[in-house]
Structure formats: C-alpha cells, structure tokens
Amino acid sequence: MNDTAATLKELEQKRRAAWRGYALFGLMNLLLLLLLLTRRTGTALLVLALELAYYFLLARPDIKGYAAAFRVGNAAAAMAKHMEKAAYQGRDGIGREVVLAGRLLPIRPKSCLTYHRITGERERMELELSDVSFQLENGEEGRRAPFLTGCWVRVKLDCSPGKRLRMSARTLAAPDALQDWFLEQLGLRAVVWEREALDGLFYSCAGPEDGPSLPEAVVARIDELARTAPTPFALGIEGDTLTFFFHRRYVTCGDPGIKRPLTLEDLERDPLPELEQVIGLARAYRRMGPSGRTG
C-alpha cells in the first residue's frame, strides 16, 4: 500500500505539470484568436510561433511523460494481481518475429505491428503480453483480408507436455483461410469436442493424437474461457508454449485524462481480467508434462 501511495503521489505531480502546460497552451490559443480578431497579424504570427514551440518542447513532453508513467504504474498495480515481477517494458511491443513464430493465425508478415509490452512470472511460468495489429490472409481471391487488433498473450512453461493445438473463433477469419492454415500449413487435423461452446464458436485442429486426448481439466478450462471471454479469441498450444490472441482487448487502459487526479481504482484497473483464466489453463496443461507440479 505504501508503494501504491507513493506511485499515486508521483503521478499526481506529473499530472499537475501536464495540466499546467495544457492550460497555458489553451490560454495562448485564446490570445492568438484575440489577435486575429483584432487583425494584429504580425503579433499573431509571433504568438503562433511561440505557442507551437512551447507545445512541442514543453507541454507535449509533460503530457506524454504522464501517460507513460501511468502505464508503468498501472502494469505494476493491475498485473500484480495475476503475476509476479509484472513490468511495463515500453511502447515497443513483443517482437514481430515472436508473433509470427507462434503460427497462431495466417498473418501477413509485413502487416504485423506491436505496441506496449508487459512481462511477468507466475508459478515458474513466463508471461509476455502485447498489443498487436495485423492483417490476415483472406482465403479467397477477391475477398478483402481482415485487419485485427487486440492483445497477444504468450505463456512459456518450464516443461513441455508435447501437445499441438490451434483454435480460432470462426468470426476472426474466413473458414477456408483457417482450414488452409491449420490443415495444409501446420499439418494438423480437425477436432470435434462435442461441446456446444467449443464446436459452435471455434474452428479447432490438433496433432494426430492431441485433440480429444487432452485431459478433461484442460478442455474444461478452454470451455470456460470460451463461454466467458468478452471478445472472440484464438488459442495455440505448441509444446511448452501457449499463445492467445484476444480480439479488441488491450494490455493498457489507455492514456489517462489530465483534468482530474488519479484514484486507486484508476491505478489498479485491470485491462485484461481473463488473464487469470489463461493462467489457469496453462497450469492445467502443464500438469500433463514431466514436471507438472504447480509451485
């Protein structure tokens, strides 16, 4: 609580500095408007030059600095509910090559952009989150390929149960594109779970012996996530790594406003509460491995 109080105090100092800069910039705008109305063009041009210099050199850095400090504090406070050593790593997201290596969806490589990376640990599992944006293959010539944005979650285990699985909400991509990607490109086979929430909402494929052979504890966790996640998602399991993409979910709460002080609720607002279900699923899957006891 002392750390949280100190964070709020530091953020309030940054907010006040940002608000002062913003307010002064607003006053300079009013002065500029007054000069233009009174046709004092020469003085107006001088004020405009000073105004732009002030905004880009002083006011804007304070506003951006406050937003960046909030993201750091929010990641530490909110993600601490889910993992240890939660840390905001900066505006640069997870590496594009990591996203593509996950082979979760048929992503066009050059379209992939990432932002805002957060890392942490939980029970010997490494977690990495990032906002992503990419375009998918369209599956049919002439069909417009969809652009998707959302949250990319990667969980690295300390052992490998050795399974392969891909699941995608049917609304994320064209069925023929998913079929080509899962069956032809990844060499998987279609899976029927005989569960309405899974078979009705998702296109699923697994290794030759991996789909229905997954333990009930794992399938039940997937089913729970499918029933409760607020947005469509995709799931991939590849050996010791689980990968998730949550459509239109993001790892930060957005830039804070500068007109009012932050509250504890603001600082601890959880941008991705379903992360706890992700961790529960990873925990259940890890029990299949040679060192599957939870810590």
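Numbering starts at 1 and runs along the sequence shown.
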Looking at [Y], is its backbone amide N or carbonyl O close enough to the side chain of [X] to form a donor-acceptor pair, meaning the two atoms are under 3.5 Å apart?
{"X": "Arg166", "Y": "Ile237", "answer": "yes"}
{"X": "Asp131", "Y": "Cys151", "answer": "no"}
{"X": "Asp266", "Y": "Thr263", "answer": "yes"}

Counting only heavy atoms not in [X], do more than 12 fall under 6.0 Å of its [atom1]?
{"X": "Arg170", "atom1": "CZ", "answer": "yes"}
{"X": "Glu276", "atom1": "CD", "answer": "yes"}
{"X": "Glu194", "atom1": "CD", "answer": "no"}
{"X": "Lys85", "atom1": "NZ", "answer": "no"}
{"X": "Arg195", "atom1": "CZ", "answer": "yes"}

[Y] side chain reached by [X] side chain, heavy atoms, under 4.5 Å:
{"X": "Leu113", "Y": "Val132", "answer": "no"}
{"X": "Pro230", "Y": "Glu274", "answer": "yes"}
{"X": "Leu275", "Y": "Arg122", "answer": "no"}
{"X": "Asp62", "Y": "Arg20", "answer": "no"}
{"X": "Arg283", "Y": "Leu281", "answer": "no"}
{"X": "Ile118", "Y": "Ser130", "answer": "no"}
{"X": "Met288", "Y": "Leu214", "answer": "yes"}
{"X": "Leu235", "Y": "Leu225", "answer": "no"}

Same apolar cluster: [X] and [Y], side chain cutoff 4.5 Å:
{"X": "Leu172", "Y": "Leu186", "result": "yes"}
{"X": "Leu148", "Y": "Phe244", "result": "no"}
{"X": "Leu36", "Y": "Leu52", "result": "yes"}
{"X": "Leu50", "Y": "Leu58", "result": "yes"}
{"X": "Trp193", "Y": "Leu188", "result": "no"}

Enumerate donor-acceptor pairs with a distance under 3.5 Å from any side-chain N or O in residues 92-106 to protein atoms, sequence neighbours excluded.
unit_1 : atom_1 : unit_2 : atom_2 : d
Arg96  : NE     : Cys112 : O      : 3.0
Arg96  : NH2    : Cys112 : O      : 3.2
Arg103 : NH2    : Gln185 : O      : 3.4

Atom of [X], atom of [Y] and distance for their closest heavy-atom approach:
{"X": "Glu137", "Y": "Ala177", "value": "O-CB, 3.7 Å"}
{"X": "Gly21", "Y": "Tyr54", "value": "CA-OH, 3.1 Å"}
{"X": "Lys14", "Y": "Ala69", "value": "CD-CB, 3.6 Å"}
{"X": "Met125", "Y": "Leu127", "value": "O-CD1, 3.5 Å"}

Does a side chain donor of either [X] or [Y] reach within less than 3.5 Å of an acceptor in the other side chain?
{"X": "Thr149", "Y": "Tyr250", "result": "yes"}
{"X": "Glu128", "Y": "Thr119", "result": "no"}
{"X": "Arg15", "Y": "Tyr66", "result": "no"}
{"X": "Trp152", "Y": "Thr243", "result": "no"}

Notebook entry, point to check: Does Phe25 have its ring centroid less than 6.0 Å away from the ring centroid of Phe56?
Noted result: no
Margin query: Ring centroids only, cut at 6.0 angstrom: are Phe245 and Phe134 within range, meaning strictly under it?
Written below: yes
Next item on the list: Before giving the answer on side chain to side chain contact (heavy atoms under 4.5 Å, CB included), spell out for Phe70 and Asp255 the whole-Å C-alpha distance, their side-chain angles and the decisive distance to 0.1 Å.
Entry: CA-CA 8 Å; Phe70 169 75; Asp255 291 352; over 6 Å; no
Next item on the list: Apply salt bridge (Lys or Arg N to Asp or Glu O under 4.0 Å) to Arg286 and Asp240, showing your working.
Entry: CA-CA 8 Å; Arg286 185 175 66 173; Asp240 64 352; over 6 Å; no
Margin query: Please evaluate residues Phe202 and Phe233 with respect to the criterion side chain to side chain contact (heavy atoms under 4.5 Å, CB included), reporting the C-alpha separation (whole Å), side-chain torsions for both, the decisive distance (0.1 Å), and the verdict.
Written below: CA-CA 9 Å; Phe202 291 85; Phe233 69 90; 3.5 Å; yes
Notebook entry, point to check: Given the rule in the side chain to side chain contact (heavy atoms under 4.5 Å, CB included) test, do Leu183 and Cys205 qualify, once you have shown the distances and angles that lead to the verdict?
Noted result: CA-CA 8 Å; Leu183 302 183; Cys205 289; 3.6 Å; yes
Notebook entry, point to check: side chain to side chain contact (heavy atoms under 4.5 Å, CB included) between Leu35 and Leu45: does it pass, once the steps are laid out?
Noted result: CA-CA 9 Å; Leu35 291 172; Leu45 289 176; over 6 Å; no
Check: So Glu238 and Lys163, salt bridge (Lys or Arg N to Asp or Glu O under 4.0 Å) or not? Walk me through it.
Finding: CA-CA 6 Å; Glu238 192 75 32; Lys163 300 296 183 179; over 6 Å; no
Check: Stepwise, does the salt bridge (Lys or Arg N to Asp or Glu O under 4.0 Å) test hold for Glu265 with Arg269?
Finding: CA-CA 6 Å; Glu265 182 181 2; Arg269 184 179 300 123; 5.5 Å; no
